[in-house]
Number of protein chains: 2
Amino acid sequence: MSGSDKRQRGGERREQILEVALQLFAQHGMAHVSTRQIAQAVGISQPSLYAHFRTAHEISAELCIRAFETLYRRSIEVMAQPGTPLEQFRRLGRAYVDFGLDHPDMYRLAFMLEPPEAVSALVQQGKDPAMEAGESAFGVLRTVLARMLDADDETVELNAQSIWASVHGLTSLLIARPHFAWVDRERLIEHHLNRICAQID
Amino acid sequence: MSGSDKRQRGGERREQILEVALQLFAQHGMAHVSTRQIAQAVGISQPSLYAHFRTAHEISAELCIRAFETLYRRSIEVMAQPGTPLEQFRRLGRAYVDFGLDHPDMYRLAFMLEPPEAVSALVQQGKDPAMEAGESAFGVLRTVLARMLDADDETVELNAQSIWASVHGLTSLLIARPHFAWVDRERLIEHHLNRICAQID
DNA sequence: CCCGACAGGCTATCATTGATAGGTTGGCGG
DNA sequence: CCGCCAACCTATCAATGATAGCCTGTCGGG
């Protein structure tokens with residue numbers, strides 16, 4: 001290998017690349033940012049990126065992981081606030097939707113694109129970090145739901161997956177089809193969460 | 001322009017290309033099929049494709065439209081069958097999920113990918129055919145829901161969008177994350193539809 | 001004080017992708 | 001018989017992610 005593996009170094013160049021990439025992604029959309037654009041914005045040559053990341057996907061995957069760590073953190077915060085389990089549950093759903101709308105590219109990467117396309121590099125290491133990060137948040141949902149339902153684990157899991165699907169559905173559709181003739185977004189989100197909550201107890 | 005516009009011809013070459021492309025898409029996944037592969041499978045040169053389609057996207061968009069026309073047709077069939085509106089509604093939801101799972105690439109194209117990426121060529125003509133086809137099916141949902149709710153149009157629309165989001169959520173997650181630790185798929189789908197139906201009356 | 005190791009970067013270069021330019025051919029109507 | 005034109009073809013682009021191999025500045029040990 002030409003430049004040896006330096007990815008494990010705490011390097012600030014790597015950090016700088018991630019910052020620049022995040023900004024470019026937010027600006028032009030992840031799909032329309034090339035490695036050359038990132039390199040130029042950083043001020044290095046395009047091949048130099050590969051001294052810090054093995055593939056282009058690894059950059060977005062790394063950003064995705066970090067984004068979902070913030071979702072997880074926010075979920076924990078939400079759960080720490082006082083209120084009935086139902087209120088907590090509702091806030092959790094709201095936090096999830098808001099997260100998706102705040103980080104559409106990361107959300108797409110984690111839950112809307114093909115896994116191989118998104119994180120093949122890391123999946124080959126035996127793990128899917130984006131999923132892991134996302135599933136941490138799913139674990140929070142599972143927990144609060146268990147507290148509410150008082151049912152066996154399998155039933156809790158069944159409900160958790162179904163509810164996740166509902167919340168994801170709205171989030172992902174708003175991301176993927178922003179030009180659809182949606183009713184007022186705020187009203188739709190609230191109504192959607194109402195429907196889901198009403199279902200529970 | 002080199003070869004003038006021949007796309008409007010009823011040509012069977014065009015049809016043959018679509019057939020071959022569909023098969024390759026199903027086999028390797030749409031994202032991993034190049035125009036050269038399609039051309040070779042058809043038995044023509046890669047540039048010759050552009051005599052029948054303006055862009056590569058146009059091929060997938062065309063297939064997508066056709067797929068969604070079958071969804072629309074199936075929706076109509078479902079509605080024609082006897083039963084209470086709730087029964088019809090439930091069958092409609094089931095048909096929708098089944099459609100997505102049967103045509104994951106087309107579903108992805110219509111509702112999970114960025115519109116520009118998917119159908120930019122046709123959107124530039126002022127219309128998004130994939131969406132149009134999908135929305136025909138959405139119209140069926142709106143209709144049956146209006147029959148059930150007996151509410152003003154805006155409320156019907158609000159509920160229709162929320163319900164669509166829920167059903168889409170499960171469909172798209174099963175497509176995008178087939179390796180997630182799902183509970184039994186059949187049970188999950190049925191439970192999900194139950195939750196949605198229970199919400200309605 | 002020099003010198004090897006090496007992190008970090010560079011230029012040159014690939015293969016693959018979608019797409020365009022422009023020439024060739026073969027059948028069909030006037 | 002001629003010319004049109006649909007349907008091809010080859011050659012070629014530009015952009016993309018990725019690799020090979022060379023150069024350089026810094027830093028610790030002899």
Side-chain angles (χ1 to χ4, degrees), chain A residues 1-18 20-21 24-25 28-63 109 113-114 116-124, chain B residues 1-18 20-21 24-25 28-63 109 113-114 116-124:
Chain A
M1 202 169 284
S2 61
S4 54
D5 295 19
K6 3 198 151 163
R7 282 141 234 133
Q8 304 308 346
R9 225 178 44 82
E12 37 185 289
R13 247 301 143 76
R14 185 184 162 99
E15 219 57 35
Q16 186 194 358
I17 292 168
L18 288 170
V20 167
L24 286 175
F25 288 168
H28 307 108
M30 210 171 51
H32 305 101
V33 174
S34 70
T35 54
R36 280 167 178 80
Q37 288 174 54
I38 296 174
Q40 187 182 11
V42 171
I44 60 179
S45 75
Q46 181 252 358
S48 291
L49 290 178
Y50 292 83
H52 303 276
F53 302 90
R54 271 183 304 200
T55 70
H57 289 324
E58 202 175 282
I59 298 177
S60 29
E62 174 85 34
L63 288 173
L109 191 51
L113 300 180
E114 288 184 271
E117 193 176 336
V119 285
S120 61
L122 296 156
V123 164
Q124 282 166 11
Chain B
M1 203 169 284
S2 62
S4 53
D5 295 20
K6 6 201 148 158
R7 283 137 235 137
Q8 305 307 345
R9 225 179 43 84
E12 39 187 287
R13 248 299 143 76
R14 184 184 163 98
E15 220 57 35
Q16 187 195 356
I17 292 169
L18 287 170
V20 167
L24 286 175
F25 289 168
H28 306 110
M30 211 170 50
H32 305 102
V33 175
S34 70
T35 52
R36 281 167 177 81
Q37 288 175 52
I38 296 174
Q40 186 181 12
V42 171
I44 60 179
S45 73
Q46 182 253 358
S48 290
L49 290 178
Y50 292 83
H52 303 276
F53 302 89
R54 270 183 305 199
T55 70
H57 290 324
E58 200 174 284
I59 298 177
S60 27
E62 174 85 36
L63 288 173
L109 192 51
L113 301 180
E114 289 184 272
E117 194 177 334
V119 285
S120 60
L122 296 156
V123 164
Q124 281 166 11

Quiz item: Taking atom P of dG9(C) as reference, at what distance in whole Å does atom CG of Leu49(A) sit?
Solution: 10 Å
Quiz item: Is a donor-acceptor pair below 3.5 Å formed from side chain Arg13(A) to base dG8(C), judging by atom type as modelled?
Solution: no
Quiz item: Considering all heavy atoms of both residues, which atom of Phe53(B) and which atom of Glu58(B) are nearest to each other, and what is their separation?
Solution: CA-OE2, 3.7 Å
Practice problem: Quickly work out the Phe53(A) CZ to dG9(C) P distance and round it to whole Å. | Solution: 12 Å
Practice problem: Take Val33(B) and Gly43(A), find for each the nucleotide of DNA chain C with the closest heavy atom, and name the residue whose nucleotide sits nearer the 5' end. | Solution: Gly43(A)
Quiz item: Using the C1' atoms of five pairs at each end, what's the angle between the two axes of the helix from dC1(C)-dG30(D) to dG30(C)-dC1(D), to 10 degrees?
Solution: 20°
Quiz item: Hey, does the side chain of Ser45(A) come within less than 4.0 Å of dG9(C)'s phosphate (OP1/OP2), counting only N and O?
Solution: no
Quiz prompt | Nearest-neighbour nucleotide for the Ala56(B) side chain, dA20(D), dA19(C), dC8(D) considered | solution = dA19(C)
Quiz prompt | Separation of dC14(C) C1' from Arg36(A) CZ (nearest whole Å) | solution = 11 Å
Practice problem: Starting at atom CD of Gln40(A), determine the distance to atom C1' of dT16(D), rounded to an integer number of angstrom. | Solution: 15 Å
Self-check item: Heavy-atom pair with the smallest gap, counting every atom of Ala21(B) and Ile38(B)
Solution: CB-CD1, 4.1 Å
Self-check item: Ile44(B) and Arg13(B), any side-chain heavy atoms less than 4.5 Å apart
Solution: yes
Exercise. Would you kindly give the CD-to-C1' distance between Gln46(A) and dT11(C), to the nearest whole Å?
Key: 12 Å
Self-check item: Spacing between Tyr50(B) atom OH and dT10(D) atom P, to the nearest angstrom
Solution: 16 Å
Quiz item: Does Glu62(A) reach the side chain of Ile59(A), with side-chain heavy atoms less than 4.5 Å apart?
Solution: no
Exercise. Please name the pair of heavy atoms, one in Tyr50(A) and one in Thr35(A), separated by the smallest distance, quoted to 0.1 Å.
Key: OH-CG2, 4.0 Å
Quiz item: Between His52(A) and Ser48(A), what is the shortest heavy-atom contact and its length?
Solution: CD2-O, 3.4 Å
Quiz item: To the nearest 0.5 Å, what is the distance between CE (Met30(A)) and CG (Leu113(A))?
Solution: 6.0 Å
Quiz item: Any side-chain N or O of Thr35(B) under 4.0 Å from OP1/OP2 of dG18(C)?
Solution: yes
Quiz item: Taking only N and O in the side chain of Ser34(B), is any of them less than 4.0 Å away from OP1 or OP2 of dT16(C)?
Solution: no
Self-check item: Phosphate-side-chain proximity, His52(A) and dG9(C), N/O vs OP1/OP2 below 4.0 Å
Solution: yes
Quiz item: Once you round it to whole Å, what is the distance between P of dG17(D) and CD1 of Ile17(A)?
Solution: 14 Å
Quiz item: If you check the Gln37(A) side chain, which of dG18(C), dT16(D), dG17(D) turns out closest?
Solution: dT16(D)
Self-check item: Closest to side chain of Ile44(A), choosing from dA19(C), dG17(D), dG9(C)
Solution: dG9(C)
Practice problem: Give the rounded distance in Å between these two atoms: CZ of Arg14(B) and P of dC8(D). | Solution: 13 Å
